[in-house]
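To keep things clear, I will list the structure first and then write my remarks on it.
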Amino acid sequence: GAVVSQHPSRVICKSGTSVKIECRSLDFQATTMFWYRQFPKQSLMLMATSNEGSKATYEQGVEKDKFLINHASLTLSTLTVTSAHPEDSSFYICSARDHQVTYEQYFGPGTRLTVT
Amino acid sequence: GESVGLHLPTLSVQEGDNSIINCAYSNSASDYFIWYKQESGKGPQFIIDIRSNMDKRQGQRVTVLLNKTVKHLSLQIAATQPGDSAVYFCAEKGGRRALTFGSGTRLQVQP
């Protein structure tokens with residue numbers, strides 16, 4: 001089956017620093033990748049949709065200058081949390097869609113970000 | 001805005017019993033629905049899906065029912081096991097939109 005990986009699985013950073021999270025589709029090409037954020041005991045909330053080779057589309061309330069998304073290839077998308085603050089601490093989950101199968105959306109294992 | 005919601009935040013069942021988790025959705029344009037299982041610290045795990053042209057779909061020990069008239073989705077788990085303990089989310093989408101998730105139900109299976 002389709003596999004999506006994320007790196008790192010956990011990261012701790014100091015307030016004010018930036019951290020990059022990678023999302024890779026391992027055995028399929030993903031023209032579209034999605035980034036979700038999940039706070040404790042809450043649901044997954046879509047942050048942005050990333051299309052290969054073009055700018056990401058951000059959901060309302062998500063700061064595009066704070067959450068930089070790059071989708072430079074069909075197998076890699078990155079999310080950079082800039083000038084991180086403790087309130088950015090969350091579980092970040094990426095998802096990739098196989099461009100040949102409209103409905104299928106595969107999820108990564110998530111990245112736990114803790115900002116101290 | 002459009003949302004997908006759940007009736008019960010926590011469901012506690014005895015091992016061996018059947019579990020039913022419910023979900024209401026509000027976007028009438030949604031045509032694809034999925035149930036996910038999420039264990040602590042992990043990403044969502046696909047359980048079963050259903051398209052809007054169906055009202056029932058069965059998998060191994062799981063059944064999804066879709067009632068488009070009242071915009072209701074349910075997940076039935078037969079002979080619930082301790083390993084089924086997790087948070088369950090319904091998700092919906094229409095066309096090429098991203099999946100939208102419901103608020104989740106925690107299933108606790110008592111041995």
Side-chain angles (χ1 to χ4, degrees), chain A residues 1-10 21 23-25 30-51 56-62 69 77 90-114, chain B residues 1-10 21 23-27 29-54 57 59 64 66 73 86-108:
Chain A
V3 179
V4 177
S5 70
Q6 282 185 242
H7 177 79
S9 57
R10 290 177 176 269
I21 302 170
C23 175
R24 295 181 184 273
S25 58
T31 50
T32 306
M33 287 186 175
F34 308 92
W35 287 95
Y36 291 81
R37 179 170 53 184
Q38 185 178 30
F39 292 109
K41 299 184 179 180
Q42 295 188 23
S43 186
L44 285 75
M45 298 299 296
L46 181 67
M47 299 175 66
T49 301
S50 155
N51 290 298
T57 302
Y58 291 80
E59 295 298 302
Q60 190 173 9
V62 179
I69 292 173
S77 176
S90 188
F91 195 49
Y92 291 86
I93 305 171
C94 76
S95 177
R97 182 162 65 197
D98 186 331
H99 75 292
Q100 295 184 337
V101 183
T102 303
Y103 289 105
E104 301 294 338
Q105 194 174 317
Y106 305 101
F107 285 84
T111 296
R112 172 74 61 192
L113 170 63
T114 303
Chain B
E2 300 287 4
S3 66
V4 180
L6 289 170
H7 298 304
L8 299 173
T10 303
I21 301 172
C23 175
Y25 65 95
S26 58
N27 189 343
S30 295
D31 58 6
Y32 182 54
F33 305 87
I34 307 177
W35 280 101
Y36 287 94
K37 173 185 180 182
Q38 187 180 30
E39 296 174 313
S40 181
K42 298 183 179 180
Q45 175 188 349
F46 175 93
I47 301 174
I48 191 168
D49 61 355
I50 188 168
R51 301 196 196 289
S52 59
N53 61 352
M54 303 171 68
R57 190 155 188 243
V64 55
L66 174 63
L73 194 69
V87 178
Y88 290 80
F89 294 97
C90 66
E92 54 86 18
K93 74 187 297 289
R96 299 187 69 81
R97 288 190 292 109
L99 283 165
T100 299
F101 283 79
S103 55
T105 293
R106 179 172 297 281
L107 177 65
Q108 296 178 334

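The chains referred to below are lettered A, B, ... by the order of the sequence lines, with proteins before strands, and numbering in each begins at 1.
Taking all atoms of both residues into account, the shortest heavy-atom contact from A:Gly108 to B:Pro44 is O-CD, 4.5 Å. Across every non-hydrogen atom of B:Arg97 and A:Arg97, the tightest pair is O-NH1, 3.8 Å. The shortest heavy-atom contact between A:Ile93 and B:Gln38 is CD1-NE2, 3.9 Å. When all heavy atoms of A:Phe91 and B:Lys42 are compared, the pair lying nearest together is CE2-O, 3.4 Å.
Residues passing the side chain to side chain donor-acceptor pair (under 3.5 Å) test with B:Arg57 are B:Asp49, sequence neighbours excluded. Here A:Thr49 pairs with nothing under the side chain to side chain donor-acceptor pair (under 3.5 Å) rule; sequence neighbours left out.
Between B:Tyr36 and A:Tyr36, a ring centre-to-centre spacing not shorter than 6.0 Å is recorded.
Between the CZ atom of B:Phe46 and the OH atom of A:Tyr106 there is a distance of 9.0 Å, given to the nearest 0.5 Å. To the nearest 0.5 angstrom, B:Phe89 atom CZ is 5.0 Å from A:Gln38 atom CD.
For A:Gln60, no part lies near chain B; criterion is any non-hydrogen pair under 4.5 Å. Using a 4.5 Å cut-off between heavy atoms, A:Leu44 touches chain B through backbone and side chain atoms alike.
Using a distance-only test at 3.5 Å, with no hydrogens or angles considered, a donor-acceptor pair links the side chain of A:Ser43 to the main chain of B:Gly102.
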